[in-house]
Amino acid sequence: MELLLEVEGLKKSFGGVAALRDGRFQLRAGTVHALCGGNGAGKSTFLKILMGIFGRDAGSIRRRGKEVEFASPADALASGIAIIEQELSPVPHMSVAENIYLGREPKARFGGIDFRAMNRSAQGLLDDLEFDIRATQYMMNLSVAQMQLVEIAKALSHDAEVIFMDEPTSAIGEREAQHLFAAIRRLQAQGRGIVYVSHRLSEIFQIADSYTVFRDGAYVGSGALGDIDRPGLIRMIVGREMSEEFAKTNTPTSQPGIEVAALSCPNKIADISFSVRKGEIFGIYGLMGAGRTEIFNCLFGLDKPSAGSIKVDGTEVSIAKPADAMAHGLALVTEDRKLTGLNLADSVRANICMASLPEMSPTFAMDRAREADASRGMREKFQIKAARDTMPVSGLSGGNQQKVVLGKWFLRNPKVLLLDEPTRGVDVGAKREIYRIISDFASSGGTVVMISSEIDEVLGMSDRIMVMRAGRSAGTFGREETNAQSLVHLST
Amino acid sequence: QEKIKIGAAPYGLNAEFMQIWAAALQEHPAVKSGEVELTVFDGRYDALVQQDQFKTMATQKYNAIIFAPIDVDAGAAAVQTAADAGIPVIGSNTRVNSDLLTSYVGSDDTISGYMEAKTVLDKIGCKGNVVILEGPIGQSAQISRLEGNKKALAECPDVKILEDQTANWSRAEAQTLMENWLTAHPNQINGVIGQNDEMALGAIEAIKAAGLDLKSFTVAGIDGITDALHAVKAGEMTSILQDARAQAQGALDLAIFAAKKGDYKPQSDIWATYKDMPWKDGKEKIYNVPWTPVTAENVDQLLATRK
Amino acid sequence: MSAGDNKNSKGWLGSEQRRLLIQEYGIFLAFLILVAVLSVSNEFFLTAGNISNVLLQTSINGVLAIGMTFVVLTRGIDLSVGSVVALAGIVSASFVTSSATAGISGAPYPVALGLGIGLLVGIACGAISGVIVSRFSVPAFVATLGMLSAARGMTLIYGGGRPVPALTPAFRWIGTGNILGIPAPVVILAVVFAISWWILNRTRFGRYIYAVGGNPHAARTSGINITRTQFAVYVISGGLAGLAGMLLSARTGSALPQAGIAYELDAIAAVVIGGTSLSGGVGRVTGTLIGALIIGVMNNGLDLMGIQSYYQQVLKGALIVGAVMLDQKRNYGA
Amino acid sequence: MSAGDNKNSKGWLGSEQRRLLIQEYGIFLAFLILVAVLSVSNEFFLTAGNISNVLLQTSINGVLAIGMTFVVLTRGIDLSVGSVVALAGIVSASFVTSSATAGISGAPYPVALGLGIGLLVGIACGAISGVIVSRFSVPAFVATLGMLSAARGMTLIYGGGRPVPALTPAFRWIGTGNILGIPAPVVILAVVFAISWWILNRTRFGRYIYAVGGNPHAARTSGINITRTQFAVYVISGGLAGLAGMLLSARTGSALPQAGIAYELDAIAAVVIGGTSLSGGVGRVTGTLIGALIIGVMNNGLDLMGIQSYYQQVLKGALIVGAVMLDQKRNYGA
Ligand SMILES: Nc1ncnc2c1ncn2[C@@H]1O[C@H](COP(=O)(O)OP(=O)(O)OP(=O)(O)O)[C@@H](O)[C@H]1O
Ligand SMILES: Nc1ncnc2c1ncn2[C@@H]1O[C@H](COP(=O)(O)OP(=O)(O)OP(=O)(O)O)[C@@H](O)[C@H]1O
Ligand SMILES: [Mg+2]
Ligand SMILES: [Mg+2]
C-alpha cells in the first residue's frame with residue numbers, strides 16, 4: 001500500500017530543551033492512524049513540524065516518497081496536508097464562513113470575493129456534518145465547542161489527502177464526535193490518510209486502525225490496533241503497568257456545601273436548582289450548548305443571573321464578581337484555558353499563584369519563598385512537565401497547561417470546587433491522578449461540582465448527576481440509578 | 001452701527017511672543033471701545049491650519065484679517081483665499097510673498113540676526129569661537145536670522161563657528177545641546193548666538209550647570225521676552241526687543257483703516273513711540289518696526305510694561 | 001405627527017439598516033449630535049461654503065487616516081506619516097516649481113512626473129518600514145518612529161532646510177481645483193475611500209489584512225503570507241502619505257520642510273475614534289472616515305464659534321473622549 | 001590568554017547570569033555596542049563630566065518612560081505625559097516663584113508645597129485618564145489623547161500663555177543640585193527606578209499589572225480587580241509626569257507653557273526599545289531604563305561628534321531601528 005507520509009528521526013528543541021528527540025511514523029493511504037503519548041510526549045510538536053508551523057532541527061519527511069521541506073503551512077497545504085490544531089485559533093471578528101475559507105475565498109468578478117457562494121458552501125459543509133452553526137455568525141459569538149466544530153469543518157473543507165487531527169474532540173460533545181467519526185469514515189473510504197490524536201482511548205479504538213506511540217519525545221512503537229488491547233496501549237503510553245478505574249474514595253456527608261435555587265439567566269439557563277453536600281462530587285452532564293458553563297458563570301460572578309439564590313455553607317451569599325466568589329471559598333476551573341485560564345506570556349509559577357496573590361503577600365510585597373514553594377508543590381501534585389517553573393506557560397504542552405489551571409485553583413484550598421471539563425486534554429496517567437486528587441479533596445470535606453462531556457468520567461466520578469437540556473435541568477440521578485444510555489437519552 | 005469684524009491669525013499661541021502680540025491686540029483702543037470685534041485664531045504652527053482658518057473667516061465675512069504666517073511662501077495661498085472673498089489682509093511679524101497683501105507691519109529678521117551676531121563679535125573682539133542655536137529649520141524667522149548672523153560673521157573671518165544646530169526655539173533643547181557642546185569643546189566656546197531668547201537662556205543654564213563662569217561667555221538672543229529682560233538686567237546676556245505690541249497694534253490700525261476704506265485715524269500710541277515709522281495715511285506697503293537693543297538703561301522700563 | 005414618523009422611517013435607510021448602522025457605528029451618532037449642536041449654535045456652520053470647507057479640511061487627515069487604518073488593522077502603527085508627508089511634498093514640489101532657486105535643474109517638469117515621484121517617495125518610505133516590520137520583526141512603533149526621524153532628516157537634507165515655493169498651477173490644481181463644484185482634494189479623498197473600502201471589504205487581500213490582525217497564527221496556518229500582507233499595508237500607508245503630502249503642498253502653494261509635524265496623532269485618532277482597535281483585526285474604514293470628519297468638524301466648529309484657542313484645546317480633549325464614550329455606551333451598555 | 005578568559009568569566013556576573021542577561025535584554029548588548037563605538041570615536045564621551053551629562057539628560061525621559069512602562073504593561077498607552085509635564089511644571093512653579101508678576105499671590109511658598117502641588121496635579125490628570133479608561137472602557141489612546149489636548153489647554157489658561165520665571169533656589173535644587181557629586185535628577189531617577197522595579201517585580205500590585213496586561217479575562221476570573229489596577233497605573237504615570245514636569249522647570253529655571261511637547265513619543269520609544277510589548281503583559285522596567293539610556297546616549301553622542309542636525313535625524317532613525325533589530329536577532333534567531 002502507498003505511503004502518504006513517512007517520517008524519520010525528527011528532532012526539535014526549544015531554547016535547549018528537547019521537545020522531540022526522535023519522531024517517526026508512517027501513514028498509509030486509507031487509514032486512520034492514532035498518534036498516542038502522554039502529555040508533553042511531543043505529539044503536537046511533531047504534527048506542527050509536518051505542517052510547516054515549526055522548523056525542524058533534524059530528520060527527514062517524505063511525502064509520497066519524495067523528500068519535502070515545508071517552510072510554512074502554505075507549502076504543506078499546497079501538498080495536500082491540513083490540520084486541526086489542538087489549541088483553537090479562531091479569527092474572532094470574522095464570520096464562520098470566512099474562517100473556514102480563509103486563504104481560499106471564492107473569487108467573483110473584478111477580483112472581489114463571492115461572499116454568497118462562500119456562505120452557501122460553508123453552510124452546506126456544516127449541514128453535512130450536522131453541526132448546528134450558522135455560517136454567517138461571528139466567530140467570537142461561538143462557544144468553545146462550536147469553535148472547535150468550525151475548525152473541524154475547516155480542515156475537512158480543504159479536500160486534503162492527509163488530515164492531522166490534534167485532539168479534535170476534547171471540547172465537543174458525544175453527538176458531534178459521532179458526526180466527526182462518520183466524516184472520517186467517508187474520508188478513509190476515499191483513500192485519504194488521517195492522523196488522529198486523542199487522550200480518549202475509547203475513541204481511538206473506535207475509529208483508528210493503526211497507532212504510533214511517543215514517550216518523552218521519542219518513538220516507542222507502532223502497529224495495528226487490532227493487535228493490541230487497551231491495557232497494552234496504556235502500558236506503552238505511560239511506560240508502566242496501570243489500571244484505569246476511577247479512584248473514588250469520597251463519601252458524601254449530610255452538611256450542605258453549596259445550594260443553588262431557581263437560578264436563571266435570560267436565553268441561557270432557566271430555573272436551575274441543586275444542592276451539593278460536603279464530601280460529594282456532583283456531576284453535570286449535557287450536550288454542548290446545554291447551558292452548563294453558564295451555571296458556573298452565574299455562580300462565580302462572571303455573569304449576572306436574573307433570578308435565583310446561592311447558599312454556601314448554609315448561608316445565602318451575594319456574588320457580583322469573581323473576587324466575591326473566591327472570598328466565599330469557591331474556585332472555578334474554566335473550560336477554556338487559553339481564554340480565561342492562563343496568562344500565556346507569564347511563567348508557570350506566576351500562573352499557579354495568580355489566584356492567590358493577596359494570600360501570598362501579607363505585607364503588599366510578595367513572599368517569594370512561598371510563591372516558589374506553592375509552584376513546586378503544585379507541579380509535583382499534578383506532575384506538570386516543564387523545563388523550569390520560570391518558563392512561560394505558552395511553552396507547555398496542552399495537557400500540562402490544563403494541569404497548571406488546576407494547580408492554580410487547588411492552591412487556594414477552596415471549600416467548593418467548580419470544575420468545567422477538568423481533564424480536557426489530559427493524558428490517561430494524569431487523568432487518574434487528577435481523579436484521585438478530586439476524590440481526596442471531597443473525602444476531606446470539600447464540595448465538588450463537575451461539568452463533563454465525557455460520559456465515562458461523569459459516571460465514574462459523580463455521586464449524583466444532573467442532566468441539562470436546553471438550559472434546563474432534565475433531572476438529577478444517583479450514581480447507581482443511571483447509565484450511559486439514559487444520560488444520553490435524557491440530554492437529547 | 002455695524003461692528004467691524006476683524007480676525008487675527010497668528011501662527012501659534014503657545015509661546016510668549018505671540019501671546020504678548022495677541023494680548024496687545026485686545027488692548028487696542030478700538031477693541032476696548034467695542035468699535036471692533038476681534039477674534040484670534042490659533043494657527044497651531046501649521047500652514048494648512050492657517051489656510052483653513054482663512055476659509056472660515058471668509059465664510060463668516062470678516063471685514064479684515066491680520067496675518068502672522070508660519071511661512072513666507074505658504075502664506076500666499078491663504079492671502080489668495082481672502083483676496084478672492086474681497087477681504088483685505090494686513091501682514092504682521094512675518095512677511096508674505098504675495099502682492100495681494102494690503103500692507104505689512106513687522107521687523108526685519110535679517111537685521112536682528114545681524115545685530116545680535118555683531119554684538120557678540122564685538123564683545124569677543126572679532127576673534128575666537130562661536131556656536132549658533134537655530135530656530136526650526138525652514139521657518140522664515142530662522143532663515144532670515146541666520147542670513148543676518150552669517151552676514152555679521154563674514155565680517156570677522158577669524159571667528160570660527162564651532163557648532164550650528166537647531167534647538168527649535170526651545171529652552172530645554174538648547175540647554176541639552178549646550179551641555180553637550182561644552183563637553184565637546186572644553187574652554188573653546190567664546191560666544192553663543194541664540195536666534196531667540198529662549199535658546200539663549202537655555203545656553204546660560206547649561207553654562208551655569210557646568211559650573212563655568214558666565215563672564216567668560218558672550219550670549220545673545222532676540223525678542224526681549226520677560227526672562228531675557230531679567231537676564232539682561234543681571235548682565236548675563238544681550239537681547240534685542242522685537243516689539244510685539246507695535247507689530248500687533250500697528251497691523252490692527254491698518255486693518256481697521258482698510259476695512260473702513262480709509263475713513264479712519266490710527267488710535268494706537270505706537271505711532272507716537274516710533275518716530276521712524278510714520279503712519280503716512282496708511283498708504284505704505286511696508287511698515288518696519290525698529291529693533292530696540294535691550295540695555296541696562298531701558299530694561300527696567302521694559303520690564304514695567306510686562307506687569 | 002405619526003404620519004411624519006412613518007415617513008421618516010421610510011427614509012433613505014430602512015429601519016433595520018439604520019439600527020445596524022447605529023449599532024456598528026455608535027460613533028456615527030456622536031457625529032450627528034456634534035453636527036446638530038454646531039448647526040444650532042452657529043448660523044454659518046451648515047452653509048454650503050462651510051460644508052465644503054470642512055470636507056476640504058478633512059481631506060488630508062482623511063487620506064492619512066485611511067492608510068493608517070490598513071496598518072492598524074494588522075496590529076501595526078505608522079508614526080512616520082507626518083514626515084513622509086513633508087518628504088514627498090518637498091520632493092514632488094521640486095519637480096514642479098517654477099522658482100529657479102529651489103527645485104532640481106530644469107524644473108518644472110510635467111505635473112504627472114511630479115505626482116509620480118511624490119507617490120514613489122511615499123511608497124519607498126512605506127516599503128522600508130514594511131520590510132523592517134515584516135521581515136525583521138521590529139515592533140511597528142520602533143520601525144516607524146525611526147522612519148519619522150529619518151524621513152524628516154531627509155526632507156531637510158533634500159531641500160537644504162528651505163521651503164520649495166512657486167509650484168506650477170497644474171500641480172496646484174490637485175489641491176485647489178474643483179470638479180463639478182467639489183474641491184479636488186475632497187474628490188481624491190472620496191476615491192481613496194471607495195477603493196480602500198472595496199479592498200478591505202470585498203477582496204481577498206482585505207480579508208488577509210483582517211485575519212493577520214485578528215489572529216496571525218490562524219492566518220499563517222491558513223496559508224496566508226503574513227510577511228507580504230504586513231509589507232503591503234505599510235506600502236499603502238506610505239503611498240497615501242505621499243499623496244497627502246502632495247495635496248498639502250498643492251494646497252499651501254509651497255512645500256515646507258516642517259510640514260506634517262504631529263499629523264500621525266490626528267490620523268491615528270481618526271482611526272481609533274472610528275472604532276478600529278489598536279490591537280488589530282477589528283474596525284472599518286467607514287468608521288475612520290467618520291472619525292476624521294469628527295476631528296474636522298470639531299476644529300472648524302470651534303473656530304467658527306470664535307472660542308479662544310486655549311479653551312478650544314480643553315474642549316477638544318473633552319469632545320474626543322465624549323464622542324467615544326457615547327460610542328462605548330452604545331456598544332456595551334444595556 | 002586562556003587565563004585571562006577564565007578571569008573574565010568569573011567577573012562581576014557569573015556566566016549563567018550573563019547568558020540570561022543577554023537573552024533577556026538583548027537590548028543591553030545594543031547599548032554596550034553603542035557606548036563602545038562612541039567611546040572609541042569621541043575622546044570626551046567617556047569622561048566623568050559627560051557621563052554625568054548623559055545621565056542628567058536621560059533623567060526626565062527616564063522618569064516618564066518608567067511611568068509609561070506601568071501603563072503599557074496593562075495594554076494601555078499614555079499620550080498625555082508631555083502636556084502633564086507642562087501643566088504640573090507651571091502650576092508648581094507658580095507656588096515657588098519669587099517674581100511678583102507671575103505666580104499666585106503670596107508666592108513663594110515653601111518648596112515642599114510647590115512639589116506637593118506639582119505631584120498632585122500630575123496625579124489628578126492621571127486619575128482622570130484612569131477613570132475614563134478603566135470605568136468607561138474608552139481606548140487608552142483616545143482617553144489620553146484627550147488629556148494631551150486638555151492639559152495643554154489648561155497649562156496655557158493657567159499661565160495666561162506666559163512662562164513662570166524666577167523659581168526659588170530651593171526649588172531649583174531638585175533640577176540642578178548635587179548629592180555626593182551626582183546630579184539630583186539622576187538620584188531621583190535612580191530612586192524612581194528602584195521603587196518601580198520593586199513594585200513590578202516584588203509586590204502583589206506588580207503581579208496584578210502583568211496579569212491584567214497578559215490576559216484580562218484570566219485576571220478577572222482569578223479575582224483580580226482590573227478596574228482598580230488600570231486606574232492605578234494611570235495615576236502612577238500621571239504622578240511621575242508631574243515629577244518630571246517639576247524636574248524640567250527646575251532644570252530650565254522657568255516653567256514654560258510649551259514645555260514637554262512630543263515627550264510622549266520618546267517615553268514610549270524607551271519603553272518599546274526596552275523590550276516591553278505594546279500588547280501588554282510582557283516587559284521589564286530595567287529594559288525601559290536601558291531604552292531611555294540608548295536614546296540619551298545617542299542624542300549626546302551625535303551632538304558630541306558634531307554631526308549636522310539634518311544628518312543626525314536620519315542617523316537617529318537608523319540607530320533606533322538598528323538597536324532593536326539586534327535585539328530581535330538575539331531573541332528569535334538561531
Ligand atoms: N514553544 C515552546 N517553547 C518551549 N517548549 C515547548 C514549546 N512547545 C512545546 N514545548 C515543549 O515540548 C514538549 C512537547 O510538547 P507537545 O505540545 O508536543 O506535547 P503533546 O504530546 O502534544 O502533549 P499534550 O498531550 O499535552 O498536548 C513539552 O515538554 C513542551 O513543554
Ligand atoms: N459567547 C457567547 N455568545 C452568545 N451565546 C453564547 C455564548 N457562549 C455560549 N452561548 C450560548 O449560551 C448557551 C449556553 O452555553 P454554555 O457554554 O453555557 O453551554 P455548555 O452546556 O457549557 O456547553 P459547551 O460548553 O459544551 O458548549 C448556548 O446556547 C450557547 O450557544
Ligand atoms: Mg498536544
Ligand atoms: Mg461548557
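A, B, ... follow the sequence lines: proteins, then strands. Residue 1 opens every chain. Everything quoted here is computed from the prediction, not taken from an experiment.
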For this session: Starting at CD1 of C:Ile60, measure out to CG of B:Leu48 and round the result to the nearest 0.5 Å.
Result: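 With rounding to 0.5 Å, CD1 (C:Ile60) is 4.5 Å from CG (B:Leu48).
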
Exercise. Looking at CZ of B:Phe41 and CG of C:Leu302, how far apart are the two atoms once the value is rounded to the nearest 0.5 Å?
Worked result: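 One finds 11.0 Å between CZ of B:Phe41 and CG of C:Leu302.
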
For this session: Answer with side chain, backbone, both or neither: which region of B:Ala47 has an atom nearer than 4.5 Å to a non-hydrogen atom of chain C?
Result: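 Contact with chain C involves both backbone and side-chain atoms of B:Ala47.
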
Problem set entry | B:Tyr104: ring pair (Phe, Tyr, Trp, His ring centres under 6.0 Å) partners, not counting sequence neighbours |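 Listed in chain order: nothing, the list is empty.
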
For this session: Could you list the residues that satisfy side-chain contact (heavy atoms from CB on, under 4.5 Å) with C:Ala190, not counting sequence neighbours?
Result: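 C:Ala190: no side-chain contact (heavy atoms from CB on, under 4.5 Å) contacts found.
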
Problem set entry | Results of side-chain contact (heavy atoms from CB on, under 4.5 Å) for C:Ile174 - residues two or more places apart only |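 Per chain and number, C:Ile174 pairs via side-chain contact (heavy atoms from CB on, under 4.5 Å) with C:Leu115, C:Ile188, C:Met246, C:Leu247, C:Ala250.
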
Problem set entry | Atom group of C:Leu256 that falls short of 4.5 Å from chain B, counting heavy atoms |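 Side chain only.
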
Exercise. So which part of C:Ile261 gets closer than 4.5 Å to some heavy atom of chain B, the side chain, the backbone, both or neither?
Worked result: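 For C:Ile261, there is no contact with chain B at all, as no heavy atom is under 4.5 Å.
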
Can you pull out the donor-acceptor contacts between chain B and chain C, under 3.5 Å, including backbone atoms?
from, atom 1, to, atom 2, distance (Å)
B:Leu13, O, C:Tyr310, OH, 3.3
B:Asp42, OD2, C:Ser309, OG, 3.2
B:Asp46, OD1, C:Tyr263, OH, 3.2
B:Asp46, OD2, C:Tyr263, OH, 2.6
B:Gln51, NE2, C:Arg251, O, 2.9
B:Asp52, O, C:Gln57, NE2, 3.4
B:Asp52, OD1, C:Arg251, NH1, 3.3
B:Asp52, OD1, C:Arg251, NH2, 2.7
B:Gln53, NE2, C:Asp303, OD2, 3.3
B:Lys55, O, C:Asn53, ND2, 3.3
B:Thr59, OG1, C:Asn53, ND2, 3.1
B:Gln60, NE2, C:Leu304, O, 2.9
B:Gly138, N, C:Gly161, O, 3.1

